[in-house]
There are 4 protein chains.
Amino acid sequence: MPRVTAAVKEEHRRRLIDAAAEEFAARGYAGAKVDDISIAAGLARSTIYNYFESKEAVFRAVLDDFAVRSTAELAEIPKEGPVRERLLALAEADRAVLADREAFTRVAFRELLTQPLEVTRELWPNRAVDPFDKRLRSVLAAGQQAGEIRDDRTVEELARIFATLSNGLLFEHWLPDSPIRMEEIPELLVDYFLEGAQPA
Amino acid sequence: MPRVTAAVKEEHRRRLIDAAAEEFAARGYAGAKVDDISIAAGLARSTIYNYFESKEAVFRAVLDDFAVRSTAELAEIPKEGPVRERLLALAEADRAVLADREAFTRVAFRELLTQPLEVTRELWPNRAVDPFDKRLRSVLAAGQQAGEIRDDRTVEELARIFATLSNGLLFEHWLPDSPIRMEEIPELLVDYFLEGAQPA
Amino acid sequence: MPRVTAAVKEEHRRRLIDAAAEEFAARGYAGAKVDDISIAAGLARSTIYNYFESKEAVFRAVLDDFAVRSTAELAEIPKEGPVRERLLALAEADRAVLADREAFTRVAFRELLTQPLEVTRELWPNRAVDPFDKRLRSVLAAGQQAGEIRDDRTVEELARIFATLSNGLLFEHWLPDSPIRMEEIPELLVDYFLEGAQPA
Amino acid sequence: MPRVTAAVKEEHRRRLIDAAAEEFAARGYAGAKVDDISIAAGLARSTIYNYFESKEAVFRAVLDDFAVRSTAELAEIPKEGPVRERLLALAEADRAVLADREAFTRVAFRELLTQPLEVTRELWPNRAVDPFDKRLRSVLAAGQQAGEIRDDRTVEELARIFATLSNGLLFEHWLPDSPIRMEEIPELLVDYFLEGAQPA
DNA sequence: AATGAATGAGCATTCATTCAT
DNA sequence: AATGAATGAATGCTCATTCAT
């Protein structure tokens, strides 16, 4: 029999990932200390190296874990109804996932902006297969069909703009003293995405 | 008389700032090495400390230098004409400034996403006084007056969305294998900002 | 289980303190190199930082270690007998402690002459509570009572002069090419303290 | 004609030595910065190197200057009279010289306690030739002749004790929160030197 | 598997000294 | 003689990673 059961090991792994998410969120990738993560997880100094190869591997694990959660969350979105409502549901779902790990997401964004980590390159959601993006594109296609969405741009282009606005709002929300609150982002996103600056 | 003239010193300072911009861009703030910057500028290891107090001061100097350039660039923008054209001119001017120091801008964005540096906090353009933002708001106000821009949102809100889209597109452009090229950003920005996803 | 046992760790700590005492003694506080101490203790460059927070903490540890030894040594001194003999016993005990760490004591004296280190300020024996000084004062008081010691000065003043002569002799002994040997200090000290320059 | 007159040069040298004495006094030998001395003297950064070879040479110059002053001061002492009075006059003269540069003297003592500087070794007054010490020995010899001073010790030994007490008192005076004031040192010195702890 | 002591590469910064003007 | 920019050796300390137990 192994010294610890598989369940205990799984539990340790879970705690390490959670602790890592918090540490990375609080101090950034470079600033986070491997030892601190291990200790925050209730284990000894370098026990984390029994679970992960390196600091970068820990970061990757947090990202993976995050991806898994996101996918799980997505199930709920309505597959019918007006475009605006379906987009709103998508945006809300996205926010729900992000809100859970907002600080870490911020760091992930941050790391994406330089290439210190090969990880980030790999792990940025490949939109072609990203479930969220697939759903988004199907909603947009339906909207075009119904004449509610402009069709001088491809669905991919429109989806990209949706993501652009979404990321931009998140960034704006993260700026010092931003007036934008996380909760209002979905509505702002959908409203501006659909209307732009057009007069009503 | 000193070993080098004031002109040479100015030249060295220039080279140090340029080298610093590149180093910070390539490796991020934490990753950049002070020694490397000095050497990349063609000077000896620690000569940079004759010009700047600390690593952070170097970073600040690059940001300042950037701010100075931006302001200079802005002069050219037309103060009359259709909203779309004036917005486009603004977006182009912004892009011109960014293009010059794109990599460094990327790092500045990056550093903004954690607050390791008081600098960044201070230096994020205070939109109330930012000349670019002031210009933008005056264009938007004129557009509202002319009925070309929605007026159920304040000028400040609209300006924020413009910035949001702008930052979002930049971010999108920086993603690995992004199809968005820097040059097309101004047009995309203005088009989506004005029309949203509305059918023509 | 850790790489080395607690006993080994204690041994390492011991070696580090000894090595530090020698380094500080040889080069002064500022001149001593942390790395060299670690290496002199048979450990790797920075291993010393597993034991002490900083260079100053190492210095403090040496001082503490010294204080512990001094107190231990003091037990043996006779509590009865003629003043001269009891003073001599005290002086001998003091010398015994010093001889053990003479070079370091020298550095401690040295550091006391500027206040670069808060440590030194704190650690200079508070004479009111110093066991050596308490013993000394009780001997002097007994001497006054017996009429063997002048009583136009307080016990505190006399004790201070005793310390003054003691420190002075130590200093004299440390001068280049001094004829005063450590071993003869106790006798010189007691003789001059009691007789001054009086003819027999 | 040289660019500066000899008088100006002499004046600069004077200012450099004075500034150096203060800097060394305030920060110790290692802590003092050559640049700061030069600037404190009202000259530019490294101008001091036109006057002295190195930091150590500056220190030596301060010591020399000090020695010169001391000798000058000594002239005043009475060559006749009771031993106690003549010793007191010597002690007072010594104090007068020290008081003038007390902080620097402290540093000189300090540097004497390790051997970072060959200077100190060389420059510690060679007592055989030191004018102060010569005078002291002649007073003591006279005292022995008159039966006022013990003669079971040589004049050299007695002079050494006098110096020992003197240095010890100085040191005591420099201790944190010492009750001993500079002005009372001469009297304490002579009294204890002559009487020791003997009852009156 | 867990532990934590040991390791050493790495890095920002200081400062005495040199030297071209 | 005066200047001050340039230099580079030197050093305290951090932290990811290794490894013996």
Side-chain angles (χ1 to χ4, degrees), chain A residues 2-6 8-9 12 30-39 43-56 58, chain B residues 1-6 8-9 12-13 30-39 42-56 58, chain C residues 1-6 8-9 12-13 30-39 42-58, chain D residues 1-6 8-9 12 30-39 43-56 58:
Chain A
R3 209 151 141 198
V4 302
T5 67
V8 166
K9 223 190 148 183
H12 284 179
K33 297 186 221 169
V34 175
D35 281 359
D36 286 353
I37 295 173
S38 210
I39 287 164
L43 295 170
R45 267 201 150 57
S46 59
T47 304
I48 193 171
Y49 280 96
N50 286 352
Y51 293 82
F52 306 99
E53 290 270 301
S54 65
K55 186 180 186 177
E56 191 172 326
V58 177
Chain B
M1 237 186 310
R3 201 160 159 186
V4 302
T5 67
V8 168
K9 206 177 174 195
H12 285 179
R13 195 190 155 84
K33 297 183 224 166
V34 175
D35 282 1
D36 286 354
I37 295 173
S38 205
I39 287 164
L43 295 170
R45 265 198 163 59
S46 61
T47 302
I48 192 170
Y49 281 98
N50 284 7
Y51 293 83
F52 306 100
E53 292 268 300
S54 64
K55 186 178 186 178
E56 189 173 328
V58 177
Chain C
M1 238 188 306
R3 201 160 160 188
V4 301
T5 67
V8 169
K9 206 179 173 194
H12 284 179
R13 197 189 154 83
K33 297 184 223 166
V34 176
D35 283 0
D36 286 355
I37 295 173
S38 205
I39 287 164
L43 296 169
R45 264 199 165 57
S46 60
T47 302
I48 192 171
Y49 281 99
N50 284 8
Y51 292 82
F52 306 99
E53 292 267 302
S54 64
K55 185 179 185 176
E56 189 173 328
V58 177
Chain D
M1 213 172 18
R3 210 152 141 195
V4 302
T5 67
V8 167
K9 224 190 148 184
H12 284 181
K33 298 185 219 168
V34 175
D35 281 0
D36 285 354
I37 295 173
S38 210
I39 288 163
L43 295 170
R45 268 203 152 56
S46 58
T47 303
I48 194 171
Y49 281 96
N50 287 350
Y51 293 83
F52 306 99
E53 290 271 300
S54 64
K55 186 179 186 178
E56 191 172 327
V58 177

Just verifying a value: how many Å separate [X] [atom1] and [Y] [atom2], rounded to the nearest 0.5 Å?
X: Lys33(C); Y: Asp36(C); atom1: NZ; atom2: CG; result: 5.0 Å
X: Ser46(C); Y: Ile39(C); atom1: OG; atom2: CD1; result: 9.5 Å
X: Leu43(A); Y: Asp35(A); atom1: CG; atom2: CG; result: 12.0 Å
X: Ile37(D); Y: Arg45(D); atom1: CD1; atom2: CZ; result: 13.5 Å
X: Glu53(C); Y: Ile48(C); atom1: CD; atom2: CD1; result: 12.5 Å

Whole-Å distance separating the [atom1] atom of [X] from the [atom2] atom of [N]:
X: Tyr51(A); N: dT17(F); atom1: OH; atom2: C1'; result: 18 Å
X: Asp36(B); N: dC11(E); atom1: CG; atom2: P; result: 8 Å
X: Phe52(B); N: dA12(E); atom1: CZ; atom2: C1'; result: 16 Å
X: Leu43(D); N: dT3(F); atom1: CG; atom2: C1'; result: 10 Å
X: Ile48(B); N: dG8(F); atom1: CD1; atom2: P; result: 16 Å

Query raised in the report: How far apart are the closest heavy atoms of Tyr51(B) and Lys9(B), and which atoms are they?
Result: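 Smallest interatomic distance, heavy atoms only, reads OH-CG, 3.2 Å.
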
Query raised in the report: Minimum heavy-atom separation for Ala44(B) to Ser38(B), with atom names?
Result: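 For Ala44(B) and Ser38(B), the tightest heavy-atom pair comes out as O-OG, 2.7 Å.
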
Show each protein N/O and nucleotides 13-15 of chain F N/O combination with a separation under 3.5 Å, one pair to a line.
from    : atom 1 : to       : atom 2 : distance (Å)
dC13(F) : OP2    : Tyr49(C) : OH     : 2.6
dC13(F) : OP2    : Lys55(C) : N      : 2.9
dC13(F) : O5'    : Tyr49(C) : OH     : 3.3
dT14(F) : O4     : Ser46(C) : OG     : 3.4
dC15(F) : OP2    : Lys33(A) : NZ     : 3.1

Query raised in the report: What stem regions, each of at least 3 consecutive Watson-Crick or G-U pairs below 3.5 Å, can be found for DNA chain F?
Result: E:2-21 with F:2-21

**Report entry** Nucleotide nearest Ala44(C) when distance is taken to its side chain, options dG8(E), dT3(F), dA6(F)
**Finding:**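 Nucleotide nearest to Ala44(C)'s side chain: dG8(E).
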
Requested in this report: Return the nearest nucleotide to the side chain of Thr47(D); candidates are dA6(E), dT3(F), dA1(F).
Outcome: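 My answer, after comparing the listed nucleotides, is dT3(F).
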
**Report entry** side-chain N/O His12(C) vs dA6(E) OP1/OP2, d < 4.0 Å
**Finding:**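 For dA6(E), OP1 or OP2 has a side-chain N or O of His12(C) closer than 4.0 Å.
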
Report task. Give a yes/no answer on whether the side chain of Lys9(D) brings an N or O atom under 4.0 Å of OP1 or OP2 in dA1(F). Result ->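 Checking dA1(F) against Lys9(D), a side-chain N or O does come within under 4.0 Å of OP1 or OP2.
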
**Report entry** Note, Val34(C) side chain near Tyr49(C) side chain (heavy atom, < 4.5 Å)
**Finding:** yes

Report task. Output yes when a side-chain donor or acceptor of Lys55(C) lies under 3.5 Å from a complementary backbone atom of Ala30(C), and no otherwise. Result -> yes

